[in-house]
Amino acid sequence: MSSAASTVLRAIAPLLPRRSDYADLKHTWKADIIAGVTVGVVALPLALAFGVSSGVGAEAGLITAIVAGLIAAIFGGSNVQVSGPTGAMVVVLAPIVASHGVGSVMIVSVMAGVILVVAGAMRLGRTVGYIPWPVIEGFTVGIGIIIFLQQVPGALGVSGEGRSTSAVVAAFQSAADAKVPDVLYSLGVVIVVAAIMLILSAKLPKVPASFVAILIVSVVAALAGLPLATIGELPSSLPLPALPAVSLGALPALVGPAFAVAALAAIESLLSVRVASSMADTGPYNADRELVGQGLASVASGMFGGMPATGAIARTAVNVRTGARTRMAAIVHALALLAVVYLAANVVSKIPLAALAGVLMVTAARMISPRIIKLVMGSTRSDALVFVITIVVTVAFDLIVAVGIGIAVTAFFALRALSRASGIHREELRGPAQPGDDKIALFRLDGSLFFGAAERVLESVSTYEGVKVVILRMSQVQRVDATGAHTLSELVTSLERSGITVLIKGIRQEHTHVFQQLGVMSSLRHENHIFDDLGPAIAHARSHVARLEPSTM
């Protein structure tokens, strides 16, 4: 094998499945099977509901849970991650369906999957760690609000077609179109489903509450012959994989949505594996491999007629809590759902849509944690503002835009705080006072000399009059960027041009290169005006002033 091929193999090896993924299976297979079946039962109503809510249909949601769940389990970077359709993805997909049609979702799924694979290969997995906590919690609350509002048509027994792409507006439109007695039947189903889920979750937390609620309501509705819209006919087998029909003219319009879907899939999946790793000792996770696995899962899902998938925090948590130790549990979860397609498609097709709306309304309400809201709002004013802005933008505009704006606002406050912590202070000269000391200004620069603080340094030094020599102490400067170095160079040039000699003390070794490149050293009057210690710098300044004094008398 050539050295180049060996290098490539070593680079991609951490991103590929390996035998060690199943090293503990001989000891854990029973627990993994039980956990997988349990998660499959929990995932079934959610997969159907998310498929319906996104506009692509219950069939697509179920296909996604099976195909993407299986591929992500094998190729992903976590031993316990469970993937499939999620509420956050529904929020992004619904506007895409409204604008570009149902067929566009499969194309976007493949495109987003390719983007994720490339991101994983480029080792971008750790970048999600840079998203601030208030932003994450803000868009989580925003997603919960949107999912809840998206269920209003189903809960009121009216069609969601032909309505505004804004969940808020569509909810009001649906309320205006609701008619008695249909609305009473649908609302009754939603209330019963919610009550069963809440009671079971409180009394019997290990019971799959959503599955039981849908089972009870579906049986009662069928026996009573209630006039409720149902899921409708489902296929009794998986379709054959095929590339989505692509119109070259439509592709440019789908590039933006594909990047948005990929960004969301990366954020949610990596947050999920991070949460899972903190819940139990199920081995480390590989963030880059997780991106590759989720990318391949979305590509496969799109080819089978499904939708983009992400790691699902709730289902992953159920997987861990029920004893999963290896990725076999997530594989069993997908196989259990596959059995539903082949053995129970006709039964599943009778589930009322209002029941799915009830499940998602409860799920959405659980995403909004009063405790978390209290923690964020009680932290700092800037974090609280970022949190609120992210929620508002998520609900009013777009999830990815909300994350971007949230990060931008957080960065603004962080830079402002860093700028305020970076200061310039005038100090007294050391040693006994000498004639001419009033002509010497000693400044200590602290913190960071960067674009947010450079102008303040320039303004501070320029305000002093009658000064003949300026000493800049740089040893306390922790960070310098190009703007800071350029501004310092302009400051030195300006002072020297006005007849003020500048001495610089304590340039750190790591800052020397940028200062040289941006002309700080060359702007000094003499190359000997750079000092390592303060004593020689003050002595040189005093001697310089002493030479100037006779000429000023």
Side-chain angles (χ1 to χ4, degrees), residues 77-78 81 86-89 91-92 115-116 119-120 122-147 259-279 285 287-288 290-291 294 310-314 316-317 364 366-422 447-448 450-453 478-479 481:
S78 167
Q81 174 90 293
T86 61
M89 191 59 72
V91 172
V92 174
I115 294 171
L116 284 171
M122 294 176 63
R123 302 298 196 272
L124 299 180
R126 295 296 176 184
T127 56
V128 172
Y130 295 113
I131 299 178
W133 179 59
V135 174
I136 292 172
E137 296 301 339
F139 82 68
T140 299
V141 172
I143 289 168
I145 293 172
I146 292 177
I147 292 174
F259 272 99
V261 167
L264 177 60
I267 292 170
E268 191 168 15
S269 299
L270 294 180
L271 286 177
S272 180
V273 295
R274 194 164 68 183
V275 170
S277 68
S278 67
M279 292 178 62
Y285 69 90
D288 298 316
E290 181 64 22
L291 291 184
Q294 293 295 339
T310 77
I313 295 177
T316 299
R366 286 173 173 168
M367 294 176 70
I368 304 173
S369 168
R371 184 183 70 86
I372 294 296
I373 293 174
K374 184 178 180 180
L375 286 175
V376 180
M377 297 301 292
S379 55
T380 66
R381 285 187 295 179
S382 60
D383 286 329
L385 181 59
V386 169
F387 177 68
V388 173
I389 288 175
T390 305
I391 294 173
V392 172
V393 176
T394 299
V395 175
F397 298 101
D398 179 81
L399 179 62
I400 302 302
V401 172
V403 173
I405 291 178
I407 293 174
V409 174
T410 303
F412 167 78
F413 284 118
L415 289 174
R416 188 178 70 165
L418 187 60
S419 175
R420 289 177 174 177
S422 304
S448 300
F450 72 117
F451 66 90
Q478 305 296 322
R479 179 180 177 274
D481 70 359

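Partners of S78 by side chain to side chain donor-acceptor pair (under 3.5 Å), not counting sequence neighbours: none found. Residues satisfying the side-chain contact (heavy atoms from CB on, under 4.5 Å) test with R371, not counting sequence neighbours, are S369, L375. S272 meets the side-chain contact (heavy atoms from CB on, under 4.5 Å) test with Q81, I313, T316; sequence neighbours excluded. Among residues two or more places apart in sequence or in another chain, the side chain to side chain donor-acceptor pair (under 3.5 Å) test is passed with S382 by T380. Every side-chain contact (heavy atoms from CB on, under 4.5 Å) that I368 has, sequence neighbours left out, goes to V141, I145, I373. In terms of the side-chain contact (heavy atoms from CB on, under 4.5 Å) criterion, residue partners of A364 (sequence neighbours excluded) are, by chain and number, I147, F148.
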Exercise. Check step by step if side chain to side chain contact (heavy atoms under 4.5 Å, CB included) holds for V393 and F139.
Key: CA-CA 9 Å; V393 176; F139 82 68; over 6 Å; no
Practice problem: Step by step, work out the side chain to side chain contact (heavy atoms under 4.5 Å, CB included) result for L270 and R126. | Solution: CA-CA 9 Å; L270 294 180; R126 295 296 176 184; over 6 Å; no
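Formation of a donor-acceptor pair under 3.5 Å by the T310 side chain with backbone atoms of A265 is not found in this model.
Across all their heavy atoms, I372 and E137 have their closest contact at CG2-OE1, 3.3 Å. Contact record, L291 with A266: CD2-CB, 3.6 Å, taken as the closest heavy-atom pair. In terms of heavy-atom proximity, P134 sits nearest to V376 at CB-CG1, 4.3 Å. The two atoms that bring M367 and I143 nearest to each other are CE-CG2, 3.5 Å, heavy atoms only. Considering all non-hydrogen atoms of both residues, L116 and A262 come closest at CD2-O, 3.3 Å. Nearest heavy atom pair, residue T390 against residue G138, reads CG2-C, 3.8 Å.
Put simply, CZ on F387 and CD1 on I391 are 3.5 Å apart, with the number rounded to the nearest 0.5 Å. Taken to the nearest 0.5 Å, the CG atom of D288 stands 11.0 Å off from the CE atom of M122. A distance of 11.5 Å separates CD in E268 from CD1 in I136, rounded to the nearest 0.5 Å.
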